[in-house]
Amino acid sequence: MNTESPAVTAIADLQTHVGQAVTLRGWVYHLRSSGKVRFLVVRDGTGLAQGVLVKGNLPEEDFQQFDRLTLESSLILEGKVKAEPRAPGGYELEVSRLRPVNISQEFPISPKEHGVAFLLDRRHLWLRSPRQQAILRVRDEVCRACRDFFQERGFVLVDTPILTPTSCEGTTSLFETNYLDQGKAYLSQSGQLYLEAAAMALGRVYCFGPTFRAEKSKTRRHLTEFWMVEAEAAFFTLEDVMALAEDLVRHMVARVLLHQEPQLRLLERDLGPLEQVVAGPFPRLSYGEALERLKEQGKEIPWGEDLGGDEETVLSQMFQRPVLVHRYPRSAKAFYMEPDPADPRLALCVDLLAPEGYGEIVGGSQRMDDLETLLKSLAAHNLPREPLEWYLDLRRYGSVPHGGFGLGLERVVGWLCGLHHVRETIPFPRLIDRIYP
RNA sequence: UCCCGGGUAGCUCAGUGGUAGAGCGGGUGGCUGUUAACCACUUGGUCGGGGGUUCGAGUCCCUCCCCGGGAGCCA
C-alpha cells in the first residue's frame, strides 16, 4: 500500500531540485485559503517555502488535513518543486501528500507587533522567528571566524576556569556560590589572569567562553552572562595588541559579509558601514587626543576621568571605521596594566569603539611584567596580595612583556546585525531582572 | 541604586470623573493563485494589587508590585 516517499530535502536546497519530487519536514509559518486552492508557507530552519494544495492533486483525506492546521503545527509534505517568483522563498511545492505530525496549540507569537517583555518571556518560542534565526546564524559565523582567525595565527585555545577563588576586577560584580568545603567561589568575570599564565607556557593563547558579571547595569549593552573572546601573547607590546584586535574585528566583519549577507539583508542592516570597516585601517587616538576631539564637540571631560557611554558614542560617530582609543589615565583603569614609560600617569591600554554609536567592543592592554611595580599597584588598589600569589609567580619565573585583550561577542553581533539591544544576540539572555526561560 | 515612561481583551493599543472600545488573533461560513489575502458573522475583560476621595473612578490621590527606557559601571 505504502508508496515510497521522495528524498527529504532542506528548503535551502530546493533550487537544485526543481522539477523533482521531494519531502519537506518543518513547521507551518503561514496559512491562506482561497476556496479550492490552499496555500501554506513552511519553515524548516533553513528557509521558507510555499506549498500549494489544489483539490484533486492529492488524496482528499490529505487535502482536508489542511483545515486542521494551525500556525507552528509540524508536518511532512511531499510534492514536486517548482520555481515560482510569487512564492516566499522563490520556490513552491505542488503538494501531493500532507501529513501533520503535531497540531500546534494556538501559537502566542504572531508576525504582528509584540512588546519586548512578552517576547522575552517566550524566548524559547521567539527563536523560531526569521529575525532571531538570522541573528543566531550571524553569531555562529562570528564565533567560527574568531576560532579560524586565532588558529591561523598560531594561537592555542586554552579554556580558563569558570569557578574561581578570587575576582579579577571589582568584587561588587561577582556571582557568588558555595564551593563544597572550601568556602566561597565566584563565577568567572574574565579569564585574563589564567590566560597570562598560559601565555608563559604556550606563547600565544586565547579563550572563548561565558563570563559572568553581577553588575546592576540596565542598558542596551549589558548582560549578566555574556561570551568573551580573550587573547594573550608573550612578548606583545601595546602596538601588537592593537594590531591584533584590529585584524580580528576586520576578519569577523569580512566573514559575516562574505557568508551571512542574506541574514544581514533580512535584518535590514545597512551594509555600507560594514564594508567601510573592511576597506581600510582603523583610526587611532590617544586619550589626550580623544579629550580634545570631545571638547571640539562641546563635551568637556576633566583629565583623568574615564569616558562614559555618551563620550564613546560621540567619538565613534566621528569616524566611519572602528576607532582605537589608547593610553588612558591609570587611575581609570585596572591594576595589571603597564604604565606608559613616556608618561607614567598613563596606562598602555586600548579600547576599540565600534562605529555607528555601538561603543566599546574590545578592551586590552600591555600587562605589568615587573614584580615590584605590580606589588605597588596591588597596594594602591587596596587589593589583597595573598590570593594572587600564583599570579605574582608569573613575574618571578622568567617574566616577559606581554599583553592581550577581551572582545565582547554579543556587542559585536549586536553591532553587525544593527540591533538596539544585545539581548537578542544570545539564545537565552540573562539580564539584571530576568533569568527565565 | 537613582531619574523618567508605562500596566485596559490572547497580542498591539485608544479610552476628556458618567453604558468597557478598535485593529489583529481565535471560532463559523464563503471564495480555484493567495502574499501580514479578502468578505460576512462571531468570541474575547479581576482596567496590575490594596487603600482613599466622590452620588459615581479605567480616569483623581496614597501605597505596593511588575515591565520598559536612561544613568553610573563595564565587554
Side-chain angles (χ1 to χ4, degrees), chain A residues 29-41 48 50-57 63 67 70-71 82 84-90 92 94 104-122 129-130 168-174 188-192 208-231 245 249 305-313 332-334 350-354 358-364 405-415 420-423 425-426 431-434:
Chain A
Y29 182 68
H30 209 75
L31 291 164
R32 281 181 227 102
S33 169
S34 182
K36 302 293 178 285
V37 181
R38 295 174 187 187
F39 302 91
L40 58 91
V41 178
L48 297 175
Q50 176 162 270
V52 186
L53 286 74
V54 179
K55 202 173 172 69
N57 286 8
F63 187 74
D67 293 335
T70 54
L71 292 189
K82 191 178 136 190
E84 172 55 75
R86 287 175 292 181
E92 191 172 83
E94 294 170 344
S104 174
Q105 296 180 27
E106 190 183 332
F107 197 68
I109 299 174
S110 69
K112 301 279 180 176
E113 290 169 52
H114 295 290
V116 173
F118 178 85
L119 290 169
L120 284 174
D121 283 340
R122 292 156 187 80
S129 71
C168 166
E169 292 167 23
T171 48
T172 51
S173 60
L174 284 169
S188 171
Q189 46 179 199
S190 168
Q192 183 200 314
F208 190 1
T211 306
F212 307 88
R213 301 211 181 154
E215 289 159 4
K216 301 225 167 174
S217 303
K218 229 183 108 172
T219 80
R220 66 183 62 170
R221 294 143 69 147
H222 285 87
L223 298 166
T224 55
E225 178 182 312
F226 65 98
W227 282 61
M228 188 156 64
V229 185
E230 292 175 272
V249 170
E305 257 181 44
D306 206 354
L307 305 181
D310 263 12
E311 288 79 53
E312 287 183 357
T313 301
K333 292 290 171 181
V350 61
D351 282 356
L352 190 151
L353 310 182
Y358 279 90
E360 184 181 356
I361 54 173
V362 171
F405 63 82
L407 172 146
L409 175 65
E410 286 77 15
R411 288 186 179 177
V412 170
V413 175
W415 163 46
H420 282 299
H421 200 297
V422 292
R423 64 191 161 211
T425 63
I426 187 166
L431 297 155
I432 173 170
D433 284 323
R434 184 179 288 279

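Here is how names work: the chains are called A, B, and so on, in the same order as the sequence lines, proteins then strands, and each is numbered from 1. Computed from a predicted structure; not experimentally measured.
For Glu410(A) against Trp227(A), the heavy-atom pair with the smallest separation is OE1-N, 3.0 Å. The minimum heavy-atom distance between Phe63(A) and Lys36(A), with the atom names listed, is CZ-O, 3.6 Å. Nearest heavy-atom pair, Ser173(A) versus Glu215(A), reported as atom, atom and distance to 0.1 Å: CB-CG, 3.5 Å. A pairwise comparison of heavy atoms in Val422(A) and His222(A) identifies CG2-N, 3.8 Å as the closest pair.
If you check every strand for non-hydrogen atoms under 4.0 Å, Gln50(A) touches a base. Contact annotation for Leu407(A): no contact, since no heavy-atom pair falls under 4.0 Å across all strands. No engagement by Leu409(A) is indicated, since no non-hydrogen atom pair under 4.0 Å with the nucleic acid exists. At a threshold of 4.0 angstrom between heavy atoms, the contacts of Pro111(A) include nucleobase atoms, whether or not backbone atoms are also involved. Nucleic acid contact for Gly359(A): none, since no nucleic acid atom lies under 4.0 Å from a heavy atom of the residue. Here Val229(A) lies out of heavy-atom contact (under 4.0 Å) with every strand.
Taking atom P on both rA20(B) and rG25(B), the two are 27 Å apart, rounded to the nearest angstrom. On the P atoms, rC64(B) is 44 Å away from rG27(B), given to the nearest whole Å. Of the P atoms belonging to rA9(B) and rG5(B), the separation is 22 Å, rounded to the nearest Å. Of the C1' atoms belonging to rG18(B) and rU42(B), the separation is 30 Å, rounded to the nearest Å. rU12(B) and rG69(B) have their P atoms separated by 14 Å, with the value rounded to a whole Å. The separation of rC38(B) from rC31(B), taken at their C1' atoms, amounts to 9 Å, rounded to a whole angstrom. Remark: the separation of the C1' atoms in rG51(B) and rG44(B) is 30 Å, to the nearest Å. Comparing rC2(B) with rU46(B), their P atoms are spaced 33 Å from each other, to the whole Å.
Here rU32(B) presents its P atom at 16 Å from CZ of Arg86(A), a figure rounded to the nearest Å. The nearest whole Å value for the distance from the CG atom in Leu174(A) to the C1' atom in rC73(B) is 14 Å. Nucleotide rC74(B) holds its P atom 17 Å from the CG atom of Leu223(A), rounded to whole Å. Leu71(A) has its CG atom 6 Å from the P atom of rG26(B), to the nearest Å. Rounded to whole Å, the distance from CD on Glu94(A) to P on rU32(B) is 19 Å. Going from atom CD of Glu84(A) over to atom C1' of rU34(B) covers 11 Å, rounded to whole Å. Across the protein-nucleic acid pair, Lys55(A) atom NZ and rU32(B) atom C1' stand 11 Å apart, rounded to whole Å. The separation between Lys112(A) atom NZ and rG23(B) atom P is 12 Å, rounded to whole Å.
The side chain to side chain contact (heavy atoms under 4.5 Å, CB included) search around Lys82(A) returns Glu84(A), Glu92(A), Glu94(A), not counting sequence neighbours. Checked against salt bridge (charged side-chain N to carboxylate O under 4.0 Å, His left out), Glu311(A) has the following partners two or more places apart in sequence or in another chain: Lys299(A). For Asp306(A), there are no side-chain hydrogen bond (donor to acceptor under 3.5 Å, both in side chains) partners at least two apart in sequence or on another chain.
The nucleotide whose nearest atom lies closest to any side-chain atom of Glu106(A) is, among rG33(B), rC74(B), rG26(B), rG26(B). Here the nucleotide nearest the side chain of His114(A), chosen from rC74(B), rA36(B), rC11(B), is rC11(B).
Using a 4.5 Å heavy-atom cutoff, the side chains of Phe226(A) and Ile426(A) are not in contact. The closest side-chain heavy-atom distance from Arg411(A) to Arg220(A) is not below 4.5 Å.
Between the base of rC74(B) and the side chain of Arg411(A) there is a donor-acceptor pair shorter than 3.5 Å. One N or O donor and one acceptor, one from the side chain of Glu92(A) and one from the base of rG33(B), sit under 3.5 Å apart.
Between Asp433(A) and Lys218(A) no salt bridge is recorded (no basic side-chain N to carboxylate O distance below 4.0 Å).
Across every strand in view, rC2(B) sits in a pair with rG70(B) that passes the Watson-Crick or G-U test at under 3.5 angstrom. Nucleotide rG18(B) has rC55(B) as its partner under the Watson-Crick or G-U criteria, with both atom distances under 3.5 Å. Pairing for rU28(B) goes to rA40(B), judged as Watson-Crick or G-U wobble with the two contacts each under 3.5 Å. Taking a pair to require two hydrogen-bonding distances under 3.5 Å in either a Watson-Crick or a G-U wobble arrangement, rA75(B) remains unpaired.
In this structure, the side chain of Ser217(A) does not engage the main chain of Thr219(A) through any donor-acceptor pair within 3.5 Å.
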Could you pull out the protein-nucleic contacts involving nucleotides 28-31 of chain B (nitrogen or oxygen on both sides, under 3.5 Å)?
from: rC31(B); atom 1: N3; to: Gly35(A); atom 2: N; distance (Å): 3.3
from: rC31(B); atom 1: N4; to: Ser33(A); atom 2: OG; distance (Å): 3.2

Distances under 3.5 Å between nitrogen or oxygen atoms of protein and nucleotides 64-72 of chain B:
from: rG69(B); atom 1: OP1; to: Arg423(A); atom 2: NH1; distance (Å): 2.8
from: rG69(B); atom 1: OP1; to: Arg423(A); atom 2: NH2; distance (Å): 2.8
from: rG70(B); atom 1: OP1; to: Arg220(A); atom 2: NE; distance (Å): 2.7
from: rG70(B); atom 1: OP1; to: Arg220(A); atom 2: NH2; distance (Å): 2.2
from: rG72(B); atom 1: O6; to: Lys218(A); atom 2: N; distance (Å): 3.0
from: rG72(B); atom 1: N1; to: Lys216(A); atom 2: O; distance (Å): 3.0

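With a glycosidic angle further than 90° from 0, rG48(B) counts as anti.
Comparing Gly115(A) and Val37(A) by the nucleotide of RNA chain B whose heavy atom lies nearest to each, the residue mapping closer to the 5' end is Gly115(A).
Here Phe39(A) does not count as stacked on rG33(B), because the ring centres are not under 5.5 angstrom apart with planes under 30°.
Contacts classified as side-chain hydrogen bond (donor to acceptor under 3.5 Å, both in side chains) and involving residues 104-113 of chain A (residues at least two apart or in different chains) are given here: Ser110(A)-His114(A).
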